[in-house]
2 protein chains.
Amino acid sequence: MKSASALDALSALAHPTRLDAFRRLVRSEPEGLSTGQLVDASGLTQSTFSSHLAILVGAGLVLPEKRGRQMIQRANIEVLRDLMLFLAKDCCEGRAELCEPLVAELSHCC
Amino acid sequence: MKSASALDALSALAHPTRLDAFRRLVRSEPEGLSTGQLVDASGLTQSTFSSHLAILVGAGLVLPEKRGRQMIQRANIEVLRDLMLFLAKDCCEGRAELCEPLVAELSHCC
DNA sequence: GCAATCCATCGATAATTGTCGATGAATGAA
DNA sequence: TTCATTCATCGACAATTATCGATGGATTGC
């Protein structure tokens, strides 16, 4: 993952509404949620939430699928993984000792 | 890590100048870098960079230490680890299959 | 065909963020 | 003591972001 893509993903997640929506989508994998369900959960107006959703989609973190007249939104775990690898990479290069506790906790968590 | 702290960390990293400075500090562990060195690397004015640095410090991602008349800045890997665990946690809860490839790649990388 | 539903886009406004130069406090050197 | 260096803070301004209501396209159901 390039630095620019990582920045897009970080910026997309750096907002309460978008972070909440993304986590909700991760938890709802693999079924996903409709835009309307996400709007309801956000408490914002439909148009405001739509602009937030567009930012998540633009960053590749959310993949929309058309289903009838609604859009089903799904989290793109791959991009999340790429982002985490991007962040971890600096520790790893020549200094694995910084990364080991991270891997240990992640292994334990999953 | 609470959602609010994760948002602070994400917001802090969601800016080219700050992401670059933080990664530079991670790579320079455990010696750290002086504020002046970071300013030079950023290409911004001292005051502008100082406000960015304050955001990283406020998020806990950077720990300043006074040394004479300069400040030595060091990356706080723990907060990075907490952030990554926060992001991974949603995958892990009841759906480890989403997280496994992430752990696998991280283990391989480190 | 017609009305209703779902959702993206537009335009306007308010709020936040980024940037800079200037100032000043703290420290070390002469 | 006096001067230079390092860096945080202040105030101002520009740029970006967040929010909303309104509009309109696409689709489904009647």
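Quick note on labels: first sequence line is chain A, next is B, and so on, each numbered from 1.
Among C/dT27, D/dT19, D/dA8, the nucleotide with an atom closest to any side-chain atom of B/Arg69 is C/dT27. Closest to the A/Ser51 side chain, of the nucleotides C/dA8, D/dT19, C/dG18, is D/dT19. Comparing D/dC7, D/dC20, D/dT27 against the side chain of B/Met71 picks out D/dC7 as the nearest.
Atom pair A/Ile55:CD1 and D/dT16:P shows a separation of 14 Å (rounding to whole Å applied). Between the CD atom of B/Gln37 and the P atom of D/dT6 there is a distance of 11 Å, given to the nearest Å. Straight-line distance from the CZ atom of A/Arg18 to the C1' atom of D/dA18: 9 Å, rounded to whole Å. Put simply, CG on B/Leu53 is 13 Å from C1' on D/dT9, counting in whole angstrom units. Per the geometry, NZ belonging to A/Lys66 stands 11 Å off P belonging to C/dC7, to the nearest Å. Atom CG in A/Leu44 sits roughly 14 Å away from atom C1' in D/dT17 (whole-Å rounding).
Residue contacts for A/Gln70: at a heavy-atom cut-off of 4.0 Å it reaches the sugar-phosphate backbone alone, with no base atom in range. No contact: A/Thr17 has no heavy atom under 4.0 Å from any strand. Among the protein residues, A/Ser47 comes within range of the nucleic acid bases, having at least one heavy atom under 4.0 Å from a base atom. Using a 4.0 Å heavy-atom cutoff across all strands shown, B/Arg67 reaches no nucleic acid atom at all. Among the heavy atoms of the strands lying under 4.0 Å from A/Thr35 are primed sugar atoms or P, OP1, OP2 only; no base atom is included.
Contact annotation: B/Thr45 does not reach the phosphate of C/dT19 (side-chain N/O to OP1 or OP2, under 4.0 Å). For C/dT19, one of the phosphate oxygens OP1 or OP2 lies less than 4.0 angstrom from a side-chain nitrogen or oxygen of B/His15. Considering only side-chain N and O atoms, B/His52 lies under 4.0 angstrom from the phosphate OP1 or OP2 of C/dT19.
Between A/Ala14 and A/Gln46, the residue anchored nearer the 5' end of DNA chain D, judged by the nucleotide with its closest heavy atom, is A/Ala14. When each of B/Ile72 and A/Thr48 is assigned the nucleotide of DNA chain D bearing its nearest heavy atom, the one mapping closer to the 5' terminus is B/Ile72.
Within the 4.5 Å cutoff, the side chain of B/His52 has heavy atoms near those of the B/Leu44 side chain. With contacts defined as side-chain heavy-atom distances shorter than 4.5 Å, the pair A/Lys66/A/Met71 qualifies.
For the atom pair CD1 of B/Ile77 and CG of B/Leu63, the computed distance is 10.0 Å after rounding to the nearest 0.5 Å.
Of all non-hydrogen atoms in A/Ala21 and A/Leu56, the two that sit nearest each other are CB-CD1, 4.3 Å.
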key: side-chain hydrogen bond (donor to acceptor under 3.5 Å, both in side chains) between A/Thr35 and A/Gln70, intermediate numbers included   = CA-CA 7 Å; A/Thr35 304; A/Gln70 36 184 25; over 6 Å; no
